[in-house]
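See structure below.
Here is how names work: the chains are called A, B, and so on, in the same order as the sequence lines, proteins then strands, and each is numbered from 1. In this text the structure is predicted, and so the values were computed from the model without any measurement. For the numbers below, each heavy atom of this structure counts, side chains included, while hydrogens, waters and symmetry mates do not.
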Amino acid sequence: MKKHSGLDGPGATPAPVHEFVLIDSDKAPQDWRIDSRQLGIEIAKPFSVNLRTLHGGRQEGVSLIDIDNGAMTITVVPTRGMNVLRAVADDVRLGWDSPVAEVVNPAFIERDARAGLGWLEGFNELVTRCGYEWIGHPGVDNGELLSLHGRVSNIPASRVVLSIDSKPPHTIRLRGELKEQAFKKVDFAISSELSTEPGSLGFDLDDTLTNRGDYPREYQALYHNNFGTPLLEQGARFVAPVRQVSPFNERARGELAEWQSYRGPTEGYDETVYNLIPYGDALGESLAVLHNRAGDRGVAVAFDIAQLPVFSLWKNTDTERQGYVTGLEPGTSFAYNRRFQRSLGLVPTIGPREQRRFQLGFRLLADQADVEQALQRIDEIQAGRPTEVRETPLVDLGGV
Amino acid sequence: MKKHSGLDGPGATPAPVHEFVLIDSDKAPQDWRIDSRQLGIEIAKPFSVNLRTLHGGRQEGVSLIDIDNGAMTITVVPTRGMNVLRAVADDVRLGWDSPVAEVVNPAFIERDARAGLGWLEGFNELVTRCGYEWIGHPGVDNGELLSLHGRVSNIPASRVVLSIDSKPPHTIRLRGELKEQAFKKVDFAISSELSTEPGSLGFDLDDTLTNRGDYPREYQALYHNNFGTPLLEQGARFVAPVRQVSPFNERARGELAEWQSYRGPTEGYDETVYNLIPYGDALGESLAVLHNRAGDRGVAVAFDIAQLPVFSLWKNTDTERQGYVTGLEPGTSFAYNRRFQRSLGLVPTIGPREQRRFQLGFRLLADQADVEQALQRIDEIQAGRPTEVRETPLVDLGGV
Amino acid sequence: MKKHSGLDGPGATPAPVHEFVLIDSDKAPQDWRIDSRQLGIEIAKPFSVNLRTLHGGRQEGVSLIDIDNGAMTITVVPTRGMNVLRAVADDVRLGWDSPVAEVVNPAFIERDARAGLGWLEGFNELVTRCGYEWIGHPGVDNGELLSLHGRVSNIPASRVVLSIDSKPPHTIRLRGELKEQAFKKVDFAISSELSTEPGSLGFDLDDTLTNRGDYPREYQALYHNNFGTPLLEQGARFVAPVRQVSPFNERARGELAEWQSYRGPTEGYDETVYNLIPYGDALGESLAVLHNRAGDRGVAVAFDIAQLPVFSLWKNTDTERQGYVTGLEPGTSFAYNRRFQRSLGLVPTIGPREQRRFQLGFRLLADQADVEQALQRIDEIQAGRPTEVRETPLVDLGGV
């Protein structure tokens, strides 16, 4: 994970960039394409960026931006909170097969429907942003139904800008602004940036949440990063440097012994969730890995425990058609309803004009060497420190 | 009612067809028109198909497809679950005058609003599909508010294809795909087909519901077929082969003796509903007829009791501006909330990858001979079998 | 305030007008502009009207119409109930700075969310129409959650026509039709007209509510007219001819003594609301003025107490970023939930085919003379009649 400063170094002049406004208040999203050749960039693996709009069904009017960096094609959905739909490199796909086949326009989502589970009618991405007013399971808090995982994934980006560095490595950056606003309630602005380098097998997210208001506000963030086949399979494993693991609920408690390993698609499995408190290195960086059974393919998700101190491991190893998927989800908070998390200290506050930054890195581990290197990095972060396996869920949901 | 196989006969080669994709993921609905002359089809009554998009108000972006078969113009709303807005032949209109004047884009519908009656803000079609997760009056079932009559009428079709047979009778078919999906909850695909023959005074619907998921799911279907003037009038009659008729509630019980006849527009009437269990012929085919007082105009709705075993007769003979309309509604279930229908055996289940087919035929009865022929057909289906008139509603709603 | 008859006088021929249909069922809103020069109108202060569409974020597809009358630019939002976003003349802006920065498309508004406060996610206009089925704070009435301030601001206009008189003073009129419809529930049509004269520092609204149905219906209307800086500031004052003033709730009671004066932006202030019953002149005309501390700038809102008999004074003098704003809100009703207002006689009924007219005039008071003249007019309306200062709120909200 790189922490972009936008500068090449202290005191340096920003590198000149090619910049393209793709969506803005006076610019409707329109079919559009640019490639490295058109930019006069000679490069071993030519890259391109493509904007297109979907039609029909509940995806009418949804825009997609495909960033083909020459090695991996990353598809971003500006219409849905700048979520990342999928990232594909050769025969490996980061992402999953949700029964939700369409990329659903938020105009058709009723968040409060299904007793607050309306969000599920649009859930199918690789990276689904959750937050930022709240995250977690639906339920009433302070007299108001909080719908599942907040509003941000159903907020279209209000300004989307593509920039490509003129100088090697010609980093490609896609920025989108998200406004999470309601009079008297909230005035959050989220500046999201996805960046990738031509030829690389990964991408970084760099989000900045700003409380534009004059009052401190509670907030929560969770990055619902979802992986299905081919990485997820029977015998696939999850590895991370972990200080504490505990079952989300009684259901998960029964499988605590096998929390790091995955079942194949299992009829009637539904889901188990484990609450992790990860370790970070001296700088706060942490890493979570999902790898296949053979250990020769995987994905590494880097994050910063100072920004995202807890981690939900969501094991939804039900049948393929039901959605065979695991979530590697760093967050400020676990997936409980917000009302349960204040006493855990997991409903942070953001002061007036304050900012919070959330940075994540996604890297495809393409072979055994990649996987081993990532696991070794995790070992280094763990640094021999103990992992507490806590039998009791942190929240007593009353057996639910 | 024809049961289309898509083949001219056993072992036959499908007839060559002219096929046009009107809406698809990469094809926005655009103004478009084709007619028989352009297709080189010489025919006594030339036909045409026209796609147009509505603007302004809550109908912004709604597409309509007018199929003028030379004798009848059938208007389909792909944006609203492939519903049929109306069918007009000369001076007879199948359909009704709802106070809802616009064809409302589902983006503006909040189903759960009005205590689950949000659906009423868009209700004005001749054929309104209800289902397929649930139908019926709003109410809480399994801890979740089920809004009136389900989601499908507020789901835009995701792929719409027009095909016209090259060979006589040059059948015109309009197919639309509907996706009723929510992660963990449902993965239904509905393939709907409306077909009509040039010069005919009717059309057929042939819908196939597929449970794409790996689990059995409850489902319900109801075809809310609605008719106002000129067929509905004081003294108009409803006729069908009926095994059992019972009042929906106490209100309807009081008028049980006159369940087959209609009042004129009646101030303060609101509605009465009768629950019918129809008879079918040896193949399961049944027929319901609404005809005017003179018995020289009417409509016949054909259906299959193996597919749609029960029938709601909705008599909303209130004033014209309030909506003077009757519904001839074959369904898997009555219009009670789902929670009342399990004990009636009217909440069927569809297994993984299973399909259910719903076929309906609509024929305008243009003169006395047409009406008499339809009534004779009903007589043949009834075949002297008795009609039980049940005084007590099937569900005790507590006097509501 | 002029009461437009559309005629120059009794028996006169209507003046020829230039008329342009900007939005209709077969006419999508498209970028468009007309100006006085194009119309061949020679005038000291040339005027223009401009239609444009916003993109990105939750304002995707929202149309704005800017009427620059040569002295003031008035921006109307047909997509949001023909609301007036702002009116700007030189360095004075009528309107306010809401934390809601976008002009939100109703397709993205879920009214019932936030326990019925979903409306707040789009609230940022100078004139926000409230009604017409209900207005007021969210709450359950007759078994149904009434969301804040009704539906009309989230209903797009279905037909928008611009007309410009050929003859001096070349009055510019923008009419929009709003349909507030739901089967069995309501069939309201609102014909709204905004008019302004070239070179003037104000505009008039002339709305006609028609109950198109056959039954009497309850209705409520409130014009949420909102003003922030530069008119609103510490020491700014509100003046109107008042028969009775009372605090909306216990919170407001504590500041009853200073109900006519404004604080500067005040951290933690939230809001106070005062319920006024205004006096009118012999014809029912009344006038409310907000002026700045120096008394050399202000705004006058004219209305008719026969049409809008009560008045909410909303003092939201919280911090600037929270929304520093005051509402001068004539209405049929106060801002309580509808269930509290029947006993106050403030839930009127509109009979079948009946109409109600709501006329308002907005005038910028550009200098001390303008302010003094307006205050004098208020004095004339008050005509020495007493003002009852009622200590107790009209509704006992139980200390809330």
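Residues Pro99(C) and Asp187(A) approach most closely at CB-OD2, 3.6 Å, considering heavy atoms. Smallest separation of non-hydrogen atoms from Gly143(A) and Ala115(C): O-CB, 3.9 Å. Nearest heavy-atom pair, Gln181(A) versus Ala101(C), reported as atom, atom and distance to 0.1 Å: OE1-N, 3.0 Å. Between Asp112(A) and Asp112(C) the shortest heavy-atom distance is OD2-O, 4.1 Å. What you find for Ala107(A) and Phe108(C) is that their closest heavy atoms are N-CE2, 3.6 Å.
Shown here is Glu19(A), whose CD atom has more than 12 heavy atoms of other residues, nucleotides or ligands within 6.0 Å.
Considering CG of Asp26(A) and OG1 of Thr53(C), their distance stands at 11.5 Å, rounded to 0.5 Å. A distance of 11.0 Å separates OG of Ser63(A) from NE2 of His55(C), quoted to the nearest 0.5 Å.
Judged by distance alone, the side chain of Tyr215(A) and the main-chain N or O of Glu267(C) form no donor-acceptor pair under 3.5 Å. For Arg321(C) (side chain) and Arg212(A) (main-chain N/O), a donor-acceptor pair under 3.5 Å exists by modelled atom type.
Heavy-atom distances place no part of Pro78(A) under 4.5 Å from chain C, backbone and side chain included. At a 4.5 Å heavy-atom cutoff, Arg159(A) makes no contact with chain C through either its backbone or its side chain. Interface residue Ala28(A): backbone and side-chain heavy atoms are both found under 4.5 Å from chain C. With a 4.5 angstrom heavy-atom cutoff, Glu320(C) touches chain A only via backbone atoms. Proximity to chain A involves both the backbone and the side chain of Thr319(C), based on heavy atoms less than 4.5 angstrom apart. Asn124(C) does not touch chain A: none of its heavy atoms, backbone or side chain, sits under 4.5 Å away. In this structure, chain A has a heavy atom under 4.5 Å from the side chain of Leu117(C), while its backbone stays farther away. Using a 4.5 Å cut-off between heavy atoms, Glu110(C) contacts chain A through its side chain alone, with no backbone atom that close. Both the backbone and the side chain of Glu102(C) have a heavy atom closer than 4.5 Å to some heavy atom of chain A.
Of the listed residues (Asp24(A), Asn105(A), Leu145(A)), the one with the most heavy-atom contacts under 4.5 Å to chain C is Asp24(A). When Arg151(A), Lys27(A), Glu180(A) are compared by the number of non-hydrogen pairs under 4.5 Å with chain C, Arg151(A) comes out ahead. Most heavy-atom pairs under 4.5 Å with chain A, from the set Gly118(C), Gly122(C), Gly268(C), Gly323(C): that is Gly268(C). Chain C forms the most heavy-atom pairs under 4.5 Å with one residue out of Glu144(A), Lys185(A), Lys184(A), Lys179(A), and that residue is Lys184(A). Looking only at heavy-atom pairs under 4.5 Å with chain A, the residue among Asp318(C), Leu54(C), Val62(C) that has the most is Asp318(C).
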side-chain contact (heavy atoms from CB on, under 4.5 Å) between Phe183(A) and Asn316(C): does it pass, once the steps are laid out?
CA-CA 11 Å; Phe183(A) 178 63; Asn316(C) 198 83; 3.7 Å; yes
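Residues Gln59(C) and Ser25(A) form a side-chain contact, since some pair of their non-hydrogen atoms from C-beta on lies under 4.5 Å apart.
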